[in-house]
Amino acid sequence: MSANGQPEVFGFFDKRTSSIQYVVVDPETKACAIVDPVFDFDEKSGATATRNADRLLDFVRERGLSVAWILDTHPHADHFSAARYLKARTGAPTAIGERVVDVQRLWKAIYNLPDFPADGSQWDRLFADGDTFAIGNLKARVMFSPGHTLASVTYVVGDAAFIHDTMFMPDSGTARADFPGGSAAWLWNSIQDILALPDETRLFTGHDYQPGGREPRWESTVAEQKRSNTHVSTCRTEAEFVALREGRDRTLPMPKLILHALQVNIDGGRLPEPEANGKRYLKFPLDALEGAAWD
Ligand SMILES: N[C@@H](CCC(=O)N[C@@H](CS)C(=O)NCC(=O)O)C(=O)O
Ligand SMILES: [Fe+2]
């Protein structure tokens, strides 16, 4: 779908992490932004791969697009970001919300990384709330939408909004808000900001967990979410939503890659430097995320 001055949006579903990665295209200039690219990792073997990111690069090449931005909506807790890899391959600048520094500070303490620079210098640009930027002739705007994480942002590009882990598809409700620095109350307020966009705004979500085993889906509208989001349309007040969200969060085990992913993602998607033997190693705190449900 594309109309004058509006982006063409292509979603790429990663079945292993139920993530949706986006290529957001200005049809006039063929400039594009890549949103939330996945760098593949298999925790059982420790293997990494670039299948998802290379699929995005193939798409960009086949369509003759030029990558203007590599964007993350938040530091992901369930997969590695491919931002660093894609920057190396395309030269495009990377960006994320400026409150990522608070997330860095939080996880720097959890991982005990005294020398880690928690200053956001790992990205080319840190967006403040309300910042605008261009994708070719398209104007993009940054809306802070904390709750799932402290640093979460929504990118509004023309009539499209990349709402990541705030609301999922209407039949699967909302994202969890129980990671370090998360807040169900903030999530509720961020969702209200998204629902204040025009009813016909196309909303693109960050994950689809395929309730009932249906086919993956990732596009809805503000009107659809208002009408039928299972967590939002059923709650009249912030307090009702917080009770629902926190109740559900108490039942959810941590994402299986949270401790793998955050140490890479607070570093802008950079893998740890190889040690003297040429191999890279991850670091895991024990008993750092107390109170989480077990499988
Ligand atoms: N089972 C998945 C869960 C991932 C997860 O917790 N995803 C977050 C978004 S990063 C979420 O909001 N999940 C909502 C839910 O599982 O209901 C995993 O282990 O990776
Ligand atoms: Fe997330």
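Counting starts at 1 for both ligands and their atoms, in listed order. Note that the coordinates shown come from a computational prediction; the quantities given were computed from them, not determined experimentally.
In this structure, atom 8 (C) of ligand 1 is in close contact with the protein, since a protein heavy atom lies within 4.0 Å of it. Of the protein's heavy atoms, none falls inside 4.0 Å of atom 1 (N) of ligand 1.
For the side chain to side chain contact (heavy atoms under 4.5 Å, CB included) with Val156, the qualifying choice from Asp159, Thr154, Val153 is Thr154, the only one to do so. None of Leu126, Val142, Asn265 except one satisfies the side chain to side chain contact (heavy atoms under 4.5 Å, CB included) rule with Ile96; the exception is Leu126.
The Fe ion (ligand 2) has no N, O or S atom of His207 closer than 2.8 Å. When distances to the Fe ion (ligand 2) are checked against a cut-off of 2.8 Å, Asp78 contributes no N, O or S atom below that limit. Using a cut-off of 2.8 Å, one finds that His74 contributes an N/O/S atom close to the Fe ion (ligand 2).
No hydrogens or angles considered: a donor-acceptor pair under 3.5 Å links the side chains of Asp72 and Ser81. A side-chain N or O of Gln225 and one of Ser220 form a donor-acceptor pair less than 3.5 Å apart.
Between Lys256 and ligand 1, at least one pair of N/O atoms sits closer than 3.5 Å. In terms of polar-atom proximity, Asp165 is not counted as a contact of ligand 1, lacking any N or O under 3.5 Å from an N or O of the ligand.
Taking atom 14 (C) of ligand 1 as the reference point, the nearest protein heavy-atom neighbour is Phe168 CE1, 3.8 Å. The single protein non-hydrogen atom nearest to atom 12 (O) of ligand 1 is Arg176 N, 2.9 Å, given as residue, atom name and distance. In this structure, the protein non-hydrogen atom closest to atom 4 (C) of ligand 1 is Tyr209 OH, 3.5 Å. For atom 15 (C) of ligand 1, the nearest non-hydrogen atom of the protein is Arg248 NH2, 3.7 Å.
Atoms of ligand 1 found under 4.0 Å from any heavy atom of Ala175 (numbered from 1 in listed order, with element): 12 (O).
For Arg16 and Asp42, the salt-bridge test passes: some basic side-chain N is under 4.0 Å from an acidic carboxylate O. A salt bridge is absent between Arg51 and Asp14: the closest approach of a Lys/Arg side-chain nitrogen to an acidic carboxylate oxygen does not fall below 4.0 angstrom. Ion pair Arg214/Asp171 flagged as a salt bridge, since at least one NZ, NE, NH1 or NH2 atom sits closer than 4.0 Å to an Asp/Glu carboxylate oxygen.
Using a 4.0 Å heavy-atom cutoff, His148 is listed among the residues neighbouring ligand 1.
Between Phe39 and His79, a ring centre-to-centre spacing not shorter than 6.0 Å is recorded. For His164 and Phe162, the ring centers are positioned 6.0 Å apart or more.
Residue contacts with ligand 1 for His76 are absent, since no atom lies close enough (heavy atoms, distance under 4.0 Å).
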| task | Take Glu238 and Gln192, measure what side-chain hydrogen bond (donor to acceptor under 3.5 Å, both in side chains) needs, and give me the verdict at the end. | result | CA-CA 10 Å; Glu238 174 181 314; Gln192 300 316 306; over 6 Å; no
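The Fe ion (ligand 2) is closest to atom OD2 of Asp165 (considering only N, O or S atoms).
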